[in-house]
Amino acid sequence: MIGIFDSGIGGLGVASKIRKKAPRADLVYFGDLANMPYGPRKTEELFELTLNAMRFLKSQGATQFVAACNSLSVAVIAPLADLFETPKTRVIEMVVPTVSAVCKRTHEKILIAATLATVRSGMYERAFAQQGLSVDVIALSKLAEAIECLAGENELEAIIAPAVQKAIDLHAKLLVFGCTQFPFARSVFSRAFEKRGYEIELFDPSEAVADEAIKTFDVEGEGLNTFFVSKPSQVFNRKVVDLFGSHTKVTSINTEKPVDN
Ligand code: DGL
């Protein structure tokens, strides 16, 4: 059973790609809406939230994990991987598969748009530097939450404007969505660049992360889809129905109570 977690709908992009590529994989998803957004949080909090999510998913039968949230992977996955990685328990995060997919694609100027936690951590710069590439990053602190709240096109366009400007100033050829919610605003990014007459490739790493999960994990099961959230959300429910079909149920759990391990 693969346990996938994020602060909200972001990880559903990764989950739906795993589902398409591995129809028999058993998936259990946790969207921590009660604690979203993760982006402004400190490393210690992110560590706790990751631990809670993984313990909960473990209690639901997960033995293999995808932290489908850049803000978590950069801050806490290394120590968590040590805690959880046993021959039976595996953890995949966003940064390593993203960097390796981007390096295969281009060595031209790259801009990564992410949350504040991801930008503060400097993880992307370090990971690209190990591949001999220098990249630029920009924090779009309000974007993930705005997407979760179904903000309108104008509001989203205003939030992403600094990233559009920075990409143009840098003559960037590729803009990487370094937060899993951002690809859900792809059309807003496309239109904003079109309006400026600037051509750029928008890169969603969820496909690469799904490929990594399929390569690494046992994906032979019964094709189960199970979804949990820590706070009910119509937006989350609708996204699950869009991506996984109308029969799919979302259960809201109370994470204030200690989670069984
Ligand atoms: N989905 C997360 C990420 O990829 C975090 C979004 C948030 O809750 O701030 O960075």
Side-chain angles (χ1 to χ4, degrees), residues 3-18 29-50 52-54 57 65-78 80 91-99 101-102 111-125 127 135 137-151 156 159-160 163 175-186 189 202-210 212-213 227-231 233 235-236 239-240 243 255:
I4 304 162
F5 58 102
D6 179 38
S7 58
I9 60 171
L12 292 176
V14 176
S16 66
K17 291 192 177 79
I18 297 176
Y29 187 98
F30 177 59
D32 193 7
L33 291 162
N35 294 301
M36 116 82 49
Y38 281 177
R41 293 181 182 277
K42 296 203 174 67
T43 305
E44 304 77 56
E45 288 176 284
L46 294 169
F47 183 85
E48 280 307 315
L49 293 168
T50 305
N52 277 344
M54 288 178 70
L57 290 168
F65 298 89
V66 182
C69 173
N70 296 259
S71 306
L72 292 180
S73 73
V74 296
V76 296
I77 278 300
L80 277 169
V91 187
I92 283 176
E93 50 74 59
M94 297 297 297
V95 175
V96 173
T98 300
V99 171
V102 169
L111 177 64
I112 295 154
T115 65
L116 199 57
T118 299
V119 170
R120 270 197 202 127
S121 74
M123 184 89 168
Y124 270 112
E125 289 100 315
V135 294
V137 293
I138 184 165
L140 294 175
S141 333
K142 297 205 162 83
L143 186 56
E145 202 176 5
I147 291 169
E148 294 274 349
C149 297
L150 286 189
L156 293 177
I159 294 172
I160 69 164
L175 184 133
V176 178
F177 294 129
C179 166
T180 51
Q181 270 86 351
F182 293 3
F184 292 119
R186 176 187 273 273
F189 278 91
L202 304 174
F203 184 68
D204 172 5
S206 60
E207 187 93 29
V209 176
E212 183 68 22
F227 295 89
F228 293 94
V229 285
S230 54
K231 187 174 133 191
S233 152
V235 175
F236 187 95
K239 198 50 102 188
V240 166
L243 295 170
T255 48

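A quick note: this is a predicted structure, and the numbers were derived from the prediction, not measured. Each ligand, and each atom within it, is numbered from 1 in the order the structure gives.
Between F177 and R186, the closest side-chain pair of non-hydrogen atoms falls below 4.5 Å. The shortest side-chain heavy-atom distance between C179 and T118 does not fall under the 4.5 Å cut-off.
Selection from I147, L72, N70 by nearest heavy atom to atom 3 (C) of ligand 1 gives N70.
Within the 3.5 Å criterion, the main-chain N or O of A68 finds a donor-acceptor partner in the side chain of T180. For the pair Y38 (side chain) and A117 (backbone), a donor-acceptor distance under 3.5 Å is absent.
Counting protein heavy atoms only, atom 6 (C) of ligand 1 is closest to Q181 OE1, 3.4 Å. Closest to atom 7 (C) of ligand 1, if we only count protein heavy atoms, is Y38 N, 3.2 Å. For atom 2 (C) of ligand 1, the nearest protein heavy atom (residue, atom name, distance) is C69 SG, 2.9 Å. In terms of protein heavy-atom proximity, atom 10 (O) of ligand 1 is closest to S71 OG, 2.8 Å. Of the protein's heavy atoms, G39 N, 2.8 Å lies nearest to atom 9 (O) of ligand 1.
In this structure, R41 and R120 approach most closely via the heavy-atom pair O-NH1, 4.2 Å. Closest of all the heavy-atom pairs between A67 and M94 is O-CG, 3.6 Å. Scanning all heavy atoms of the two residues, the minimum distance from T115 to S71 falls at OG1-OG, 2.7 Å.
For T115, every heavy-atom contact with ligand 1 shorter than 4.0 Å involves the side chain, none the backbone.
With Q181 as reference, I9 is the one residue of N70, L143, I9 to meet the side-chain contact (heavy atoms from CB on, under 4.5 Å) rule.
Contact annotation: G10 has no heavy atom less than 4.0 Å from any atom of ligand 1.
Which parts of ligand 1 touch S7 is read off a 4.0 Å heavy-atom cut-off, strictly below it: atoms 5 (C), 6 (C), 7 (C), 8 (O). Residue contact check: M36 has heavy atoms under 4.0 Å from atoms 7 (C), 8 (O) of ligand 1. Close contacts between ligand 1 and A144 involve ligand atoms 6 (C), 7 (C), 9 (O) [criterion: under 4.0 Å to a heavy atom]. Interface of D6 with ligand 1, defined as ligand atoms under 4.0 Å from a residue heavy atom, comprises 1 (N), 2 (C).
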- Go through the steps for L72 and E93 under the test side chain to side chain contact (heavy atoms under 4.5 Å, CB included), then give the verdict. CA-CA 8 Å; L72 292 180; E93 50 74 59; over 6 Å; no

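Between T118 and ligand 1, a contact under 3.5 Å exists for no N or O pair.
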